[in-house]
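Down below is the structure, laid out as structure tokens.
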Amino acid sequence: MLVNGIKSRPVYTGLTIDPNAGRHLFALEGEGPQALFDQVQQVGAGFLASAQILYVPTTAAPKDHAAKIAALKPDDLWLAPTIAVLLNRFRNELSRATMRTRIYVAGTEGFIGQVMRETLDFGVDHKSIRNEHRGSEARRVQCVHCKGITEDVKTSPYACTHCGLNLLVRDHYSRRLAAFQGVSIEAEEPGTAPPPEELFR
Amino acid sequence: MSINTDMAVRVTAITQVAESVKRFRFERLDGKPFPVFPGGAHVVVAWKDGGMIRRNPYSLMSAPGDTSAYEISVLRVEKSRGGSAFLHEKVKLGDTLSLSQPVDLFPIDQRGRKHIFMAGGIGITPFMAMMDQLSKLNQNFELHYAVRTRTHGAYWQELTERYGAHRVKIYCDAEKLFIPTEPLLGAQPLGTHLYVCGPGGMIDGVLGTARKLGWPEENLHSERFLAPPPGAPFTVKLTRSNKTVEVAEHQSILEAVEAAGVDAPFMCRGGACGQCETNVTACDGEILHHDHYLPQADKASGKKIMICVSRIKGKEITLDL
Ligand SMILES: Cc1cc2nc3c(=O)[nH]c(=O)nc-3n(C[C@H](O)[C@H](O)[C@H](O)COP(=O)(O)OP(=O)(O)OC[C@H]3O[C@@H](n4cnc5c(N)ncnc54)[C@H](O)[C@@H]3O)c2cc1C
Ligand code: FES
């Protein structure tokens, strides 16, 4: 069960390389490098000479992505142990970046959302960020009741990891929170929640 | 405009600020305060010139928070059809004119972490108000201002004194000093927004350089002081008002239909806002699109025209108006 067709649902327009950019800054997670490899197939590896790549290989991803990126010899490749650590480094890079820097993000929705949010804080319009969804469809959802965020939500409804309410996942997305919205499915009559349906693989 | 929200004003000061540039100060006849306007906004100034009503858009360059008066600065255009010439030569202290509500098609992007203004000549006017606004908010900005000669350039001294030489850079054609667009735009921190106002060639040049350097479209802003270009006369048939109107060499379609007593919507009168978009029923010639509003596909379709600046090469056009 899902409420969809809501306008705030983000669309991911693809990781197309901007040939005019002087510097390419990539934030990649999990299966995100596949989008990079596709670009190399399409436009060649030339842009990698001025590319800086921050990558967090998540457990779900096959380990050889990092080695494959390294083999392409980008100007700089840095591996992060967790998303939080990557975001820290990413912020640092943004504070040094110029208007000649183009920003690219690929990975799961939750990851893209968090990277986008950091970038928006630097006065960058969301349309200027090139992004591509790769990997799991699992969502990052905020409970509208207790405000707790649950990562990696694969079903709707799901039980909030903070307050335990059964929540219906909506397509309503907040850029500021980088999260979808979860609303109680049994607010009227507790105990009437339908069984969880696996919707986001 | 169908809803008349125009403000009757009196000219309370006229100042020669540079060669060919005069500043006009307006106060409301009804004594009420003016609306606070966002920096970058303009008003359409309307006045009677003989039997006709002239309407020209001018950027507000006074402080946006000052509701006691509005000020504009006008360049006397050499080949003026009469608009800027009239303001310079005929308008006297105490005269009454009419101002539209402010229209903002050139807003500051508030998300910006730094703002770069590039002005050529009279294109300085919208930036005067924008800089006043940003300096009060303690925001980071820089002005790069190109003038023909020091005597032609308006306000450069005053702006340098007010905001400091580190934020205001003057480039004078006569001294062979030009804005170093490429190195300048190549070194701006992420989150910078660029605003350009000046001659068409300058705007195209600066935006072209920014794009070539990889600046995203979202950070580029410009305003053109587009005036309706002259051309061969032609006839306009109006289906809804059932009238036939002649457009003279130095008239726009909008001016011609207004003179015929037809109320057509408008806001910027400079081909930028989209208000005057009109459907074309028939046209025996080619539409000369001069606006910056219609998408290429609409221009090519021949079904739409922006009547404030565009005309036709042909005898007759029929409009749904
Ligand atoms: C949003 C906006 C903001 C503006 N802000 C300002 C401002 O702050 N200050 C300012 O000075 N102006 C401003 N303008 C421009 C202003 O509205 C007028 O276009 C300008 O004052 C010229 O008016 P005019 O009636 O004298 O010239 P027009 O007679 O309308 O002539 C306009 C242009 O057409 C050409 N032209 C006219 N007749 C002929 C002819 N017979 N042969 C060849 N060429 C001809 C002239 O080169 C002239 O540049 C702004 C315009 C816009 C759209
Ligand atoms: S009045 Fe603004 S485009 Fe014509």
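Chain naming here is simple, since letters A, B, ... match the order of the sequence lines and numbering starts at 1 in each.
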Within a 6.0 Å radius of atom [atom1] on [X], are there more than 12 heavy atoms belonging to other residues, nucleotides or ligands?
X: A/R175; atom1: CZ; answer: no
X: A/K147; atom1: NZ; answer: yes
X: A/Q41; atom1: CD; answer: no
X: A/F200; atom1: CZ; answer: yes
X: A/R89; atom1: CZ; answer: yes
X: A/E198; atom1: CD; answer: yes

Pick one of side chain, backbone, both or neither for A/D125, based on which atoms fall under 4.5 Å of a heavy atom in chain B.
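Contact with chain B is through both the backbone and side chain of A/D125.
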
Can you tell which part of A/R100 gets under 4.5 Å to a heavy atom of chain B, answering side chain, backbone, both or neither?
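Contact with chain B: backbone and side chain both.
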
How about residues 206-227 of chain B versus chain A: which residues have heavy atoms under 4.5 Å apart?
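Against chain A, the residues of residues 206-227 of chain B that fall inside the cut-off (heavy atoms, under 4.5 Å) are B/R211, B/K212, B/L213, B/G214, B/W215, B/P216, B/E218, B/N219.
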
Heavy-atom contacts under 4.5 Å, residues 124-138 of chain B to chain A:
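Within residues 124-138 of chain B, no residue comes under 4.5 Å of chain A, counting heavy atoms only.
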
Winner by heavy-atom pair count (cut-off under 4.5 Å) against chain B, out of A/K127, A/R96, A/R23:
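Most pairs with chain B among the choices: A/K127.
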
Between A/S128, A/A21, A/P19, A/S95, who has the most heavy-atom pairs with chain B when the cutoff is under 4.5 Å?
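The answer is A/S128.
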
Enter the distance from A/L94:CG to B/R113:CZ here, rounded to the nearest 0.5 Å.
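These two atoms lie 8.5 Å from each other.
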
4.5 Å side-chain heavy-atom contact, B/L190 and A/I103
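The answer is yes, as the side chains (C-beta and beyond) meet within the 4.5 Å cut-off.
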
